[in-house]
Amino acid sequence: MASSWTWKKAIKVGAAAATAGGGGCALLYLTSVYNSDRKKEQVQQKLAASGLNKRPSKPLPTRADQLNSLANEQFDVLIIGGGATGSGCALDAASRGLKTAMVEYDDFSSGTSSRSTKLIHGGVRYLQKAIMNLDIEQYKMVKEALHERANLLEIAPHLSFPLPIMLPVYKWWQLPYFWAGIKAYDLVSGGDCLKSSYILSKSRALELFPMLKKNELKGAIVYYDGMHNDARMNISIAISAVRLGATVANHVKVVDLIKTDGIVSGAKVRNQLTGEEFSIKAKSVINATGPFTDSIRKMDDGQTRDIVCPSAGIHIMLPDYYSPSNMGLLDPATSDGRVIFFLPWQGLTIAGTTDTPCPVTNSPGPSESDIQFILSEVKNYLTPDIDVRRGDVLSAWAGIRPLVKDPNAGDTASLVRNHVVHVSDSKMVTIAGGKWTTYRAMAAETVDEAVEAAKLGVGPSMTDGLLLEGAHNWAPTMFIRLVQDLGVDTAVAQHLSDTYGDRAFSVGKMAGLTGQRWPIVGRRIHQEFPYIDAEVRYAVKEYAATAVDVIARRLRLSFLNVQAAEEALPIVVSIMADELGWDKEEQDKQTEDAMDFLRMQMGKDLNKASRDNIPVSLTKAEIAEYVKRFNALDDGKKGYISINDIRKSLKSQGVILTNEDVSALMATISVETHGSLDLPEFLQMMSAIKSGTVSHSRFAKMAEMDYKAKKYGEHMERSGGGV
């Protein structure tokens, strides 16, 4: 009874606070909605008159054609950097009719733009700061971001969607406080509000998020932000620029700037894949290199001071059972004041992020301490029924945020994620800072500066409302046509539709026959994910040039599950070899480079280290049982057990392991053991599984089932289970 009364009282307090200024707020909100609708109508009329929103039908030029154009033509604008902002600049410039070039040192979205929290958001925290500090500039930043959030969901509806995010409340006083703040977020959104926020009782909150910790939970508030596939969004922006005539190339590094009479007029570049060097001539050069902004600025002026303060944000991937499939979670106040998001993404759960000062590097990697911090915070919010295990971390990665340095800030967490556009004495335009959500507005402002600096004489930005690659004829039910017309399975069809939009049919038509009754086409490159062979071939047409380009940015496999990425790697390399004519030496190099990427940047080395550092903590009875099991499996008393031992034993029992089963088993044993385990290693593996440092092991499971079959005469129903 008391609890019910307190709940009602808290609601009344919040309602009373809202009613006090209700009339003015309502008028402000309605005016905002009207103005937003009117502006959208004007934007659509302008785009219709320009013809820019018609679906392009011409095929993409090849990468070789693009490189040839870069070397032999002169451009109005050269953009350095192929992340979200750089690609946004290329699209903005091309849509204005400027002859546009863009080069990227690695791959499009290879840096910060593919390593985000995957949210398209206005910034709830920034709005709080704006209100508390009466900061009009921060308010304008949030207002702009909320418009850009809505715009991005409209121009790429296949890649983005509204996501409800729960804010759990564990103290009664927080309920009206949080509710007022979230309602202010809705109010500032105006006509760009995705969906209205709402309050949940404790029982309803647990119904929607059953993994939530029940003790002391008072209720929850749910608000909406956008979510997207960041790397695919970035690539779609770059491809959209190409469709409008831009010339772009990845794996092309700027080694120096070219100046004419003291004015930057191009760049000397190197093809990273061939070593060939050439010059690109341009009337204006834009530096949009994110964390590497200052290195390009120093090419222009060696005495210039740094303007970027790099900060590392770590994320981890966890299995799908850690969160509902359609509800995120926000922890607004972690143990050290940082904010943690806990979100469903691509069928799994993403958790992060951290905010730690770091050096600028081409290959940032996660740290074990940051992984442990995220896991501990996750544990604080989940029911004790869920054992939060280190072994459940499927992958982990770091992204370097290019924050704009504030000389008055003592730590990076208080830095504003705003942007700076700077024109140097030599007329090079630099765009630094900002965030994913506002890439388009940042690009428009940057190109405005370039147009003015180089006197290019074109009109204003045309990208507000400009549809991105795949959006023109897409519909939420399009996946059904893919199933019916092409014969792919439903999960694959849904994935293709949500990734490529109306270009999904072009991808599906490249799919190979499965040799099965159903699905007819679309051979998966890994049994646990809906990625198919055709996507690798299509990725090459969209300028994927290395195996890492595919497993990281085109398929997202390395971000989702580092072990699965390793297992799929041979298939990816084989298909790319067919498309690009790689010989055996090049295939081996691509495999080695991809494995280095997985080890250093996707957390594979940390996962292995966390297993190896676990002491053997087994009881005497458990040790005795495992020693007995080891001796029974050690065929010939060699002192170690191998996959061949298990394979031979199971074959004698009528169970045949496929090549896929064997490959999966091999992947669970480190290279250093040469596919075998001695007794200490076997005991350590069993201890790691017991402690949760390893969630499960194919090798251990197979060995256990083989031992039981020998001991009890049992047979396995199925082999080659999960990772």
Side-chain angles (χ1 to χ4, degrees), residues 13-43 117 119-155 160-167 169 174-200 220-228 328 330 332-333 339 341 414-419 433-442 444-445 464-465:
V13 170
T19 304
C25 289
L27 181 61
L28 180 64
Y29 179 77
L30 291 173
T31 303
S32 176
V33 171
Y34 172 76
N35 290 337
S36 176
D37 289 345
R38 186 179 180 187
K39 183 178 179 181
K40 287 178 184 177
E41 186 178 340
Q42 293 172 343
V43 165
T117 309
L119 287 177
I120 310 168
H121 64 105
V124 175
R125 289 179 299 151
Y126 306 143
L127 180 60
Q128 179 192 29
K129 290 181 180 179
I131 294 172
M132 299 298 289
N133 301 329
L134 300 178
D135 188 337
I136 188 65
E137 289 303 316
Q138 190 127 239
Y139 170 81
K140 289 179 179 177
M141 185 186 77
V142 174
K143 183 71 174 175
E144 176 186 66
L146 288 169
H147 169 72
E148 294 302 323
R149 179 189 68 175
N151 181 64
L152 196 49
L153 267 68
E154 289 182 4
I155 64 177
S160 55
F161 55 91
L163 177 74
I165 300 175
M166 183 180 291
L167 186 62
V169 176
Q174 291 178 333
L175 192 65
Y177 176 74
F178 287 160
W179 183 74
I182 294 298
K183 277 302 174 186
Y185 195 56
D186 289 349
L187 181 64
V188 174
S189 301
D192 293 322
C193 184
L194 301 182
K195 292 184 180 182
S196 183
S197 58
Y198 54 91
I199 295 177
L200 295 174
I221 298 170
V222 175
Y223 73 99
Y224 286 81
D225 259 330
M227 190 173 225
H228 68 154
L330 167 63
V339 171
F341 283 99
S414 63
L415 288 170
V416 176
R417 267 70 167 176
N418 212 340
H419 64 273
K435 59 183 179 180
W436 229 119
T437 308
T438 57
Y439 85 91
R440 191 208 64 82
M442 291 160 57
E445 182 181 342
D464 194 355

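For the pair Arg440 and Leu152, the minimum side-chain heavy-atom distance is 4.5 Å or more. Ile165 places none of its side-chain heavy atoms less than 4.5 Å from the side chain of His121.
Nearest heavy-atom pair across Asp186 and Ser197 is OD2-OG, 2.6 Å. Nearest heavy atom pair, residue Pro164 against residue Pro162, reads CD-O, 4.0 Å. Counting all heavy atoms, side chain and backbone alike, Phe161 lies closest to Leu153 at C-CD2, 3.8 Å. In plain terms, the two heavy atoms of Lys183 and Ser196 that are nearest each other are NZ-OG, 3.1 Å. Closest of all the heavy-atom pairs between Gly226 and Leu194 is N-CD1, 3.7 Å. Pairing each heavy atom of Leu146 with each of Val188, the nearest pair is CD1-CG1, 3.7 Å.
The NZ atom of Lys435 sits 5.0 Å away from atom CE of Met141, with the distance rounded to the nearest 0.5 Å. The structure places CG of Asp192 at 7.0 Å from NZ of Lys143, a figure rounded to the nearest 0.5 Å. To the nearest 0.5 angstrom, Lys140 atom NZ is 11.5 Å from Asn418 atom CG. Atom CG of residue Leu175 and atom CG of residue Leu200 lie 10.0 Å apart, to the nearest 0.5 angstrom.
At distances below 3.5 Å, not a single donor-acceptor pair connects side-chain atoms of Tyr223 with backbone N or O atoms of Trp179. A distance-only check finds no donor-acceptor pair linking the side chain of Lys195 to the backbone of Leu163 [under 3.5 Å].
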Query raised in the report: Under the side-chain contact (heavy atoms from CB on, under 4.5 Å) criterion, do Tyr224 and Tyr198 qualify, and how do the steps go?
Result: CA-CA 10 Å; Tyr224 286 81; Tyr198 54 91; 3.9 Å; yes
Report task. Mind running side-chain contact (heavy atoms from CB on, under 4.5 Å) on His147 and Asp464 for me, showing each step along the way? Result -> CA-CA 10 Å; His147 169 72; Asp464 194 355; 3.1 Å; yes
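One finds a salt bridge joining Asp225 and Arg149 here, because a Lys/Arg side-chain nitrogen approaches an Asp/Glu carboxylate oxygen to under 4.0 Å.
Applying the side-chain contact (heavy atoms from CB on, under 4.5 Å) test between Val124 and each of Ile182, Val339, Leu330, Leu167 identifies Ile182 as the sole match.
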